[in-house]
Amino acid sequence: MVPKEGVDDIRASLNKQRATMVTMESNAGVRQQQLLGHQKQSTQTILDAIATQVEKPSCPPVVQRSCPPVPKDTGRADRLKGKVVVGEVEKLYLADAETVYTARVDSGAETSSIHTRNVKRFERDGGNWVRFEVPVPGTSGEEWVTLEKEVSRRVKIIQSAADEAERRVVVELQFAIGDHEQVAEFTLADRTNLTYEVLIGRNVLRDVMLIDVGKEFATELPKSYRNKTQTGDDA
């Protein structure tokens with residue numbers, strides 16, 4: 001039992017404690033709202049900074065591969081069992097240089113090759129590239145066209161007259177023979193002392209062409225290609 005004279009003191013103390021708790025609860029709510037406000041403001045500041053300082057990623061420009069327009073006349077080439085019949089010598093249109101060469105077709109050569117000079121390797125976008133020049137037919141070697149291609153691989157070439165193997169760069173080139181167009185690998189070589197500036201090897205012939213031994217110019221390029229600078233038969 002609590003003496004009656006102490007009840008008023010207890011009630012007063014409880015009221016005081018209740019008031020203190022209400023005040024503390026109110027203060028806690030205010031602090032929580034302030035904290036949430038600060039966090040929201042900080043978050044918005046960070047988002048504004050990101051939107052201001054960080055640019056949207058932009059894709060690199062798409063490099064369009066330059067291909068010659070499709071000629072209205074498709075040229076001519078006989079076929080046997082789906083394969084193009086070619087002679088030992090054929091006219092070849094090199095799309096990248098827009099020139100026509102007289103090419104030697106040789107089943108004894110593994111990889112096709114083309115006459116080049118000033119072959120310089122360089123790096124582009126982390127890849128191995130090469131810059132080289134090909135002759136303009138009919139100019140006696142006075143005019144050249146500069147091309148740039150990504151390096152496909154390198155090969156070792158052993159010639160009978162050389163003591164050591166020669167390492168050559170291989171690139172992919174687009175060409176046409178008759179009405180047949182193709183992309184194939186060509187080694188970049190110095191063919192100054194050879195009769196023909198272009199050699200077609202087995203990498204092109206395989207599953208695509210058949211050689212009619214003893215025959216020359218069995219195909220005919222489209223007229224639009226033939227109107228380009230051409231070499232003579234002894235190029």
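Any value given below was found using the heavy atoms of this structure, including those in side chains, with hydrogens, waters and symmetry copies removed. Counting begins at 1 with the first residue of the sequence.
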Enquirer: Would you name the heavy atoms of G178 and P222 that are closest together and state the gap between them?
Expert: O-CD, 3.4 Å
Enquirer: Can you give me the closest heavy-atom contact between F175 and L92, atom names plus distance?
Expert: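 Closest approach of F175 to L92, heavy atoms only: CD1-CD1, 3.6 Å.
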Enquirer: With rounding to the nearest 0.5 Å, note down the distance linking CG in D190 to CZ in R168.
Expert: 8.5 Å
Enquirer: Could you tell me the separation between the CD atom of E133 and the CG atom of N118, rounded to the nearest 0.5 Å?
Expert: 4.5 Å
Enquirer: Side chains of S112 and N203: donor-acceptor distance under 3.5 Å anywhere?
Expert: yes
Enquirer: Of all heavy-atom pairs between A77 and V84, which one has the smallest distance, and what is that distance?
Expert: CB-CG1, 3.8 Å
Enquirer: Consider only side-chain N and O atoms of T146 and R131, and report whether a donor and an acceptor are under 3.5 Å apart.
Expert: no
Enquirer: If we ignore hydrogens and angles and just use 3.5 Å, is the side chain of E90 paired with the main-chain N or O of T219 as donor and acceptor?
Expert: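 Yes, because the side chain of E90 sits within donor-acceptor range (under 3.5 Å) of the backbone of T219.
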Enquirer: Given the rule that I, L, V, M, F, W and Y join up when any side-chain heavy atoms are under 4.5 Å apart, are L147 and L199 in one cluster?
Expert: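 No: no chain of side-chain contacts under 4.5 Å links L147 to L199.
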Enquirer: Okay, side chain of R202, backbone of G108: is any donor-acceptor separation there less than 3.5 Å?
Expert: yes
Enquirer: Would you compute the distance between atom NZ of K83 and atom CG of D78 and round it to the nearest 0.5 angstrom?
Expert: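 Separation between the atoms: 16.0 Å.
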Enquirer: If you measure from the Lys or Arg side-chain nitrogens to the Asp or Glu carboxylate oxygens, is any gap between E220 and K91 under 4.0 Å?
Expert: no
Enquirer: Could you grab the distance from atom CD of Q174 to atom CG of D96, nearest 0.5 Å is fine?
Expert: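 CG of D96 is found 7.0 Å from CD of Q174.
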Enquirer: According to a hydrophobic-cluster definition based on side-chain heavy atoms being under 4.5 Å apart (Ile, Leu, Val, Met, Phe, Trp, Tyr only), do V134 and V119 belong together?
Expert: yes
Enquirer: When hydrophobic residues are tied together by side-chain contacts of less than 4.5 Å, even through go-betweens, does V145 share a cluster with V171?
Expert: yes
Enquirer: Is there a donor-acceptor pair closer than 3.5 Å between any side-chain N or O of R206 and the backbone N or O of G201?
Expert: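 It does not hold such a pair.
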Enquirer: Residues two or more places apart in sequence or in another chain: which of them pass ring pair (Phe, Tyr, Trp, His ring centres under 6.0 Å) with H180?
Expert: none
Enquirer: Does V105 share a hydrophobic cluster with L210, counting links as ILVMFWY side-chain heavy atoms below 4.5 Å and allowing steps through other members?
Expert: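 No, because V105 and L210 fall into different hydrophobic clusters, even though each may have its own neighbours under 4.5 Å.
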Enquirer: Rounded to the nearest 0.5 Å, what separates atom CG in L173 from atom CG in L188?
Expert: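 So the gap between those two atoms works out to 7.5 Å.
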Enquirer: Would you mind listing every side chain to side chain donor-acceptor pair (under 3.5 Å) that reaches into residues 121-130, with sequence neighbours excluded?
Expert: R124-E148
Enquirer: Going hydrophobic residue to hydrophobic residue with side-chain gaps under 4.5 angstrom, can you get from W144 over to V198?
Expert: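 Looking at the clustering, V198 is in a separate group from W144.
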Enquirer: Taking R191 for its side chain and Y196 for its backbone only, find out whether a donor-acceptor pair lies under 3.5 Å.
Expert: yes
